[in-house]
Chemist: 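Sharing a structure here in C-alpha cells format.
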Amino acid sequence: MVFKRISEWRKLPVGLSELCIDTTLRCGQSFRWQKINDEWVCTLHGRILSLKQDSTHLHYKVTWPEQSVKGSPTAQKLTPKAEDDTQALLHHYFSLDLDLASLYEQWSSVDPNFRKKAPTFTGVRMLNQDAWEALIAFICSSNNNITRISQMARNGVESNLRELGFGYRAKYIAETARIVAKEKPSNWLETLRNPDNPGFGSQLTPDARVCTYKEAHEELLALKGVGPKVADCVCLMGLGWGESVPVDTHVWQIAQRDYKFGKKAKTFNKAMYDAVGDHFRDLWGKYAGWAHSVLFTADLKAFSDRSVVKEETHGVSIKEELIETNGIVLPKKRRLVETKTVTVKPEPGVEETKLPTEGEGDAKRRRTRSRGRA
DNA sequence: CCCTACCCTCTACG
DNA sequence: ACGTAGAGGGTAG
C-alpha cells in the first residue's frame with residue numbers, strides 16, 4: 001500500500017499533567033498504538049497518526065492514504081481541506097476540553113487513596129475511541145492480557161479468527177457482528193452514546209432517543225461475549241460515558257485493598273459488581289471512570305517501576321534479600337526498594353494512609369521485564 | 001448464585 | 001537449558 005501526503009509536524013499546547021501519552025496509550029485502553037522509536041503511531045479515521053510529546057506540547061504528524069479506501073466511512077473526508085480536521089480529531093480523541101488537573105484536584109480532595117497514588121500517574125486520560133473498535137477489542141480482553149490483546153488487534157478480522165489466535169472469542173465476535181448488523185436497528189451502537197459526548201464528526205440527529213448510561217450498559221449485555229465488565233469498557237472508552245467504571249479482577253482487588261470492600265462477602269457477583277461501580281461513582285462523581293483509570297494504571301505491572309512514594313524519596317536502591325511485608329515472605333529477587341518512607345499526614349475523619357513500604361502493593365512492585373514481541 | 005470450560009501466550013519454577 | 005504448571009484486566013452455559 002502506498003501512502004502519500006505526509007504532513008509536517010504540528011503541535012498543540014498541552015502540558016504533561018493534562019495529558020501523558022506514554023501512560024495513556026499503554027494502560028489498557030486502546031491496543032493499537034505502537035511506540036516506534038520515539039513516536040506513538042496508530043491509524044485513526046482513515047489516516048496514520050504519529051504523536052510525540054514534550055513538556056509543553058503534543059506534536060503530531062499525519063500520513064494520508066494515496067486514495068480513498070473503499071467502504072471506509074471516512075473515505076469521503078479525504079478532500080483537500082479535510083486534513084484540517086486532524087487537530088479537531090485529536091481534541092476529541094483526548095477530550096481536551098476537560099481540565100484534567102482540576103479533576104485530579106477534585107478526586108484528591110475526596111479520596112486520600114487517590115491523593116497518594118495520583119502524583120506519579122498524572123496525565124492519564126480516557127480515550128474517546130470508536131465504539132465498534134472498543135466493542136471488539138474488549139470482547140477479546142476476556143481472560144486475557146494487554147500483550148496478547150495487542151497482538152490480536154493487529155490481526156485481520158475474518159472467519160478464520162480462530163486460526164489467527166482469537167480462540168473461543170472468535171465465536172463471540174462473529175455472533176456479535178451478526179447481531180449488530182442484522183438484529184439491531186441501523187446505527188444502534190451509536191444511539192447508545194453519551195449525548196453530551198458525541199462521536200467525532202457525527203451529526204446529532206434531533207429525533208434520536210436520549211440514552212442513559214445504565215441503559216447503554218444494559219443494551220450491550222445482549223451481545224455475545226459481553227458481560228458487565230466488557231460493557232463498561234465499551235461505555236467508557238467507546239461511547240463517551242465518563243461515569244462508567246469497569247470492574248475487573250484488578251479493580252476488585254483495589255476495591256478490597258483500599259476501599260474496604262469484600263471484608264464480609266467474599267463472592268464477587270453481579271450485585272457486588274454494581275456495588276463497586278456505584279461506590280466509585282458516588283465517591284468520584286461524573287468522571288468516575290477517568291479516576292478509576294488512574295488507580296488502575298498505578299497498579300499495572302508495566303508501570304511497577306514507578307514508586308507510589310512521593311518525589312522527595314529520590315533514592316532507590318537495589319536490594320537482594322528476602323523481603324517480608326505483612327507477614328508475607330516474598331521470593332528472593334532483585335527488586336526496587338524505597339530507601340525511605342514518607343510520612344503521610346493523617347486527614348481528619350479519614351482512615352490513616354498506609355506507609356508505602358508496608359502496603360500490600362509491594363508484592364506488585366516487582367520489576368517486570370519487557371513483554372511481548374521482541 | 002456458584003462452578004467450570006474456554007484458547008492461547010508468557011512466566012516462574014523445577 | 002528445557003519442559004511444564006499456572007495465571008492472565010471475563011463470559012456463557
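Numbers restart at 1 for each chain; the letters A, B, ... are given by sequence-line order, proteins then strands.
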Chemist: Looking only at atom P, what distance separates B/dT9 and C/dA12, rounded to whole Å?
Modeler: 23 Å
Chemist: Under 4.0 angstrom, heavy atoms only, what part of the nucleic acid is A/Gly28 near: base, sugar-phosphate, or nothing?
Modeler: base
Chemist: Do the side chains of A/Lys229 and A/Asp232 get close enough for a salt bridge, i.e. N-O under 4.0 angstrom?
Modeler: no
Chemist: Can you sort out the partners of A/Phe138 under ring pair (Phe, Tyr, Trp, His ring centres under 6.0 Å), two or more places apart, ordered by chain and number?
Modeler: A/Phe31
Chemist: Once you apply a heavy-atom cut-off of 4.0 Å, does A/Leu223 come out as touching a base, just sugar-phosphate, or nothing?
Modeler: sugar-phosphate
Chemist: Looking at the side chain of A/Tyr168, which of B/dC6, C/dG9, C/dT11 is the nearest nucleotide?
Modeler: B/dC6
Chemist: Using a strict cut-off of less than 4.0 Å between a Lys/Arg side-chain nitrogen and an Asp/Glu carboxylate oxygen, indicate whether A/Lys270 and A/Asp274 qualify as a salt bridge.
Modeler: yes
Chemist: Between A/Asp22 and A/Lys35, is there a side-chain N and carboxylate O pair less than 4.0 Å apart?
Modeler: yes
Chemist: Between B/dC3 and C/dG9, how far is it from one P atom to the other, in whole Å?
Modeler: 22 Å
Chemist: Report the stems of DNA chain C as range-with-range entries sorted by first number; a stem here is at least three consecutive pairs, Watson-Crick or G-U wobble, both distances under 3.5 Å, and write none if there are none.
Modeler: B:3-6 with C:10-13, B:8-14 with C:2-8
Chemist: Indicate, with a heavy-atom threshold strictly under 4.0 Å, whether A/Pro228 touches base, sugar-phosphate, or nothing.
Modeler: sugar-phosphate
Chemist: Looking at A/Asp85 and A/Arg47, is there a salt bridge between them, counting it only when a charged N and a carboxylate O are closer than 4.0 Å?
Modeler: yes
Chemist: Please work out if A/Val226 contacts a base, only the sugar-phosphate, or nothing of the nucleic acid, heavy-atom cut-off 4.0 Å.
Modeler: sugar-phosphate
Chemist: Please report, rounded to the nearest Å, how far the C1' atom of C/dG10 is from the CG atom of A/Asp232.
Modeler: 13 Å
Chemist: Taking only the side-chain heavy atoms of A/Arg169 (C-beta and beyond), determine which of B/dC2, C/dG9, B/dC7 contains the nearest atom.
Modeler: B/dC7
Chemist: Using atom P in both nucleotides, what's the gap between C/dT4 and B/dC7 to the nearest angstrom?
Modeler: 22 Å
Chemist: How long is the line joining CG of A/Asp299 and P of C/dG8, in whole Å?
Modeler: 13 Å
Chemist: By nearest heavy atom, map A/Leu221 and A/Cys233 onto DNA chain C; which one lands nearer the 5' end?
Modeler: A/Cys233
Chemist: Using only side-chain N and O atoms of A/Thr249, determine if any of them is under 4.0 Å from OP1 or OP2 of C/dG10.
Modeler: yes
Chemist: In terms of the nearest nucleotide of DNA chain C, which residue is placed more toward the 5' end: A/Met237 or A/Tyr172?
Modeler: A/Met237
Chemist: Calculate, to the nearest 0.5 Å, the distance between atoms OG and CZ belonging to A/Ser30 and A/Arg26 respectively.
Modeler: 14.0 Å
Chemist: Suppose you measure atom P in B/dT4 against the same atom in C/dA7; what distance do you get, rounded to whole Å?
Modeler: 14 Å
Chemist: Could you tell me which residues satisfy side chain to side chain contact (heavy atoms under 4.5 Å, CB included) with A/Ala174, sequence neighbours excluded, listed by chain and number?
Modeler: none
